Amino acid sequence: MAAHNDIAVARVDDSAHAGHTAADRRNRFLGMRITPLNRRRLDNFKANKRGYWSFWIFILLFVGSLFAEFIANDKPILIRYDGDFYAPVFKAYPETTFGGDFPTEAAYDDPYVTELIEAKGWILWPPVRYSYRTTVRDLEGPAPSAPSARNWLGTDDQARDVTARLIYGFRVSVLFGMVLTVLSTIIGVAAGAVQGYFGGWVDLLFQRFIEIWSSMPTLYLLIIISSILVPGFWTLLGILLLFSWMSLVGVVRAEFLRARNFDYVRAARALGVRNVAIMFRHLLPNAMVATVTFLPFILSGSVVSLTSLDFLGLGLPPGSPSLGELLQQGKGNLQAPWLGVTAFFVIAVMLSLLVFIGEAVRDAFDPRKTFR
């Protein structure tokens with residue numbers, strides 16, 4: 001009997017020890033991911049309530065715009081017809097699929113096609129039944145028309161729904177700004193790292209090149225290049241990238257110049273560590289603290305650049321969803337104030353959110369701030 005009790009106690013002790021070990025492992029794993037320094041930065045970021053809530057609002061708007069085809073589209077999300085399911089958002093179906101006469105893609109806004117489908121099933125429409133390129137039919141007055149129950153923010157001068165164009169235009173603007181910010185950051189950080197780490201003639205020649213390149217009339221060059229090349233998303237991205245990469249060079253260069261003669265860098269050189277490993281493994285993490293604080297402001301500047309080019313007619317191809325093009329329509333149609341007011345409100349809110357996020361990130365990486 002005593003032997004059985006000893007075995008039971010030993011099993012309990014072993015299970016408790018195993019559970020304690022698993023908890024330790026979990027704590028060590030979390031500790032590796034969230035260090036005390038990162039925890040302090042996260043707490044400082046949350047302490048800035050304006051920036052913290054702006055971050056979540058911006059994430060909500062951006063993630064929602066990624067699913068713009070399910071929010072604003074002239075094609076149904078899902079169709080149930082004759083016992084089968086169809087998803088016109090992902091695939092084009094001919095009208096003959098639903099008992100029509102033409103082998104071309106079905107026009108789902110046609111009452112005839114709608115009656116054919118509803119006779120043997122049902123249609124699930126998105127909240128806004130227009131895409132950014134859809135021409136609204138049967139308007140009560142000439143375009144641009146005022147907001148109504150069917151067109152929540154009215155239509156533009158080409159009878160296109162403003163709500164749909166805002167959703168798609170917001171997505172294009174943010175994606176363009178993010179891609180331009182990432183590419184500019186990579187090039188700028190690499191250039192600043194090379195300058196600051198090697199110094200000497202490399203730094204001197206690179207600085208002279210940046211001074212010459214930054215003094216060039218950017219707007220005139222953009223106008224000339226845009227008039228020669230066919231405008232497009234990637235074309236504009238490449239043109240703006242020629243001048244936007246210089247925004248982070250000075251910050252990274254200063255950090256590398258400061259740390260290139262530290263003792264641990266000299267020790268790494270003495271041990272034969274390659275320059276690339278020293279630059280990107282030991283020095284770059286210190287430089288990224290100052291770099292990250294600039295990213296929200298660089299993103300807002302990238303969005304403003306695309307909006308400005310679209311407003312001047314040098315941006316995306318005609319017909320593309322664009323906030324700058326909507327601003328230009330508001331300028332050209334003063335009798336339709338909802339166009340300019342809507343575009344201005346969306347751009348102002350988007351840029352304000354990015355600025356507030358940038359302020360919160362700056363507070364998070366500020367070593368002088370301590371969350372209490």
Side-chain angles (χ1 to χ4, degrees), residues 57-58 60-81 86-90 93 95 98 100 105-174 307 310 318-350 352-353:
I57 294 173
F58 181 80
L60 180 64
L61 294 176
F62 175 63
V63 173
S65 68
L66 294 179
F67 299 92
E69 286 78 10
F70 297 92
I71 301 175
N73 206 332
D74 55 359
K75 298 179 181 179
I77 300 175
L78 187 65
I79 292 178
R80 169 81 171 183
Y81 178 77
Y86 301 90
V89 173
F90 300 104
Y93 299 100
E95 186 178 309
F98 309 108
E105 184 178 1
Y108 300 98
D109 56 349
D110 188 349
Y112 173 71
V113 176
T114 304
E115 291 176 0
L116 289 176
I117 297 174
E118 292 180 347
K120 296 184 179 181
W122 44 264
I123 303 175
L124 177 62
W125 287 96
V128 181
R129 295 178 57 170
Y130 305 101
S131 180
Y132 68 90
R133 59 180 180 271
T134 306
T135 301
V136 182
R137 304 174 183 175
D138 302 329
L139 291 176
E140 297 180 357
S145 61
S148 62
R150 188 172 62 162
N151 306 110
W152 300 341
L153 297 176
T155 62
D156 61 6
D157 56 3
Q158 299 183 34
R160 297 171 300 192
D161 187 73
V162 174
T163 305
R165 292 188 65 81
L166 274 181
I167 296 173
Y168 285 90
F170 180 86
R171 180 176 67 177
V172 171
S173 299
V174 176
T307 304
D310 289 335
S320 302
S322 169
L323 300 179
E325 190 261 348
L326 189 59
L327 273 177
Q328 198 276 335
Q329 287 201 26
K331 172 180 173 293
N333 297 275
L334 297 179
Q335 78 281 2
W338 56 87
L339 296 177
V341 171
T342 301
F344 172 79
F345 178 78
V346 172
I347 295 173
V349 169
M350 177 171 55
S352 298
L353 292 176

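Please read all numbers here as calculations on a predicted model, not as lab measurements. Scope of the values below: all heavy atoms of this structure, side chains included, with no hydrogens, waters or symmetry mates.
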Test item: [X] and [Y] side chains (from C-beta on) under 4.5 Å apart, heavy atoms:
X	Y	value
V174	S65	no
L353	L61	yes
R165	L326	no
T134	K75	no
L323	L327	no

Taking distance alone, no hydrogens or angles, what donor-acceptor pairs closer than 3.5 Å link side-chain atoms of residues 110-129 to residues at least two apart or in another chain?
residue : atom : partner : partner atom : Å
D110    : OD1  : Y112    : N            : 3.2
T114    : OG1  : Y108    : O            : 3.1
T114    : OG1  : D110    : O            : 3.1

Hey, what do you get for [atom1] ([X]) to [atom2] ([Y]), rounding to the nearest 0.5 Å?
X	Y	atom1	atom2	answer
T135	Q158	OG1	CD	8.0 Å
N151	R160	CG	CZ	13.0 Å
L339	K331	CG	NZ	13.5 Å
Y93	Y86	OH	OH	7.5 Å
D156	N333	CG	CG	8.5 Å
I71	T163	CD1	OG1	11.5 Å

- request: State, to 0.1 Å, how close V63 and F67 come at their nearest heavy-atom pair, and which atoms those are.
  value: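 Smallest heavy-atom distance, with atoms named: O-CD1, 3.1 Å.
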query: Of all heavy-atom pairs between R150 and D161, which one has the smallest distance, and what is that distance?
result: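 Where R150 meets D161 most closely, the heavy atoms are O-OD1, 4.5 Å.
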- request: State yes or no: are the ring centers of Y130 and Y168 separated by less than 6.0 Å?
  value: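 Ring-ring flag for Y130/Y168: false, centres at least 6.0 Å apart.
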query: Is there a ring pair (Phe, Tyr, Trp, His ring centres under 6.0 Å) between F70 and F90 once you walk through the steps?
result: CA-CA 10 Å; F70 297 92; F90 300 104; 5.6 Å; yes
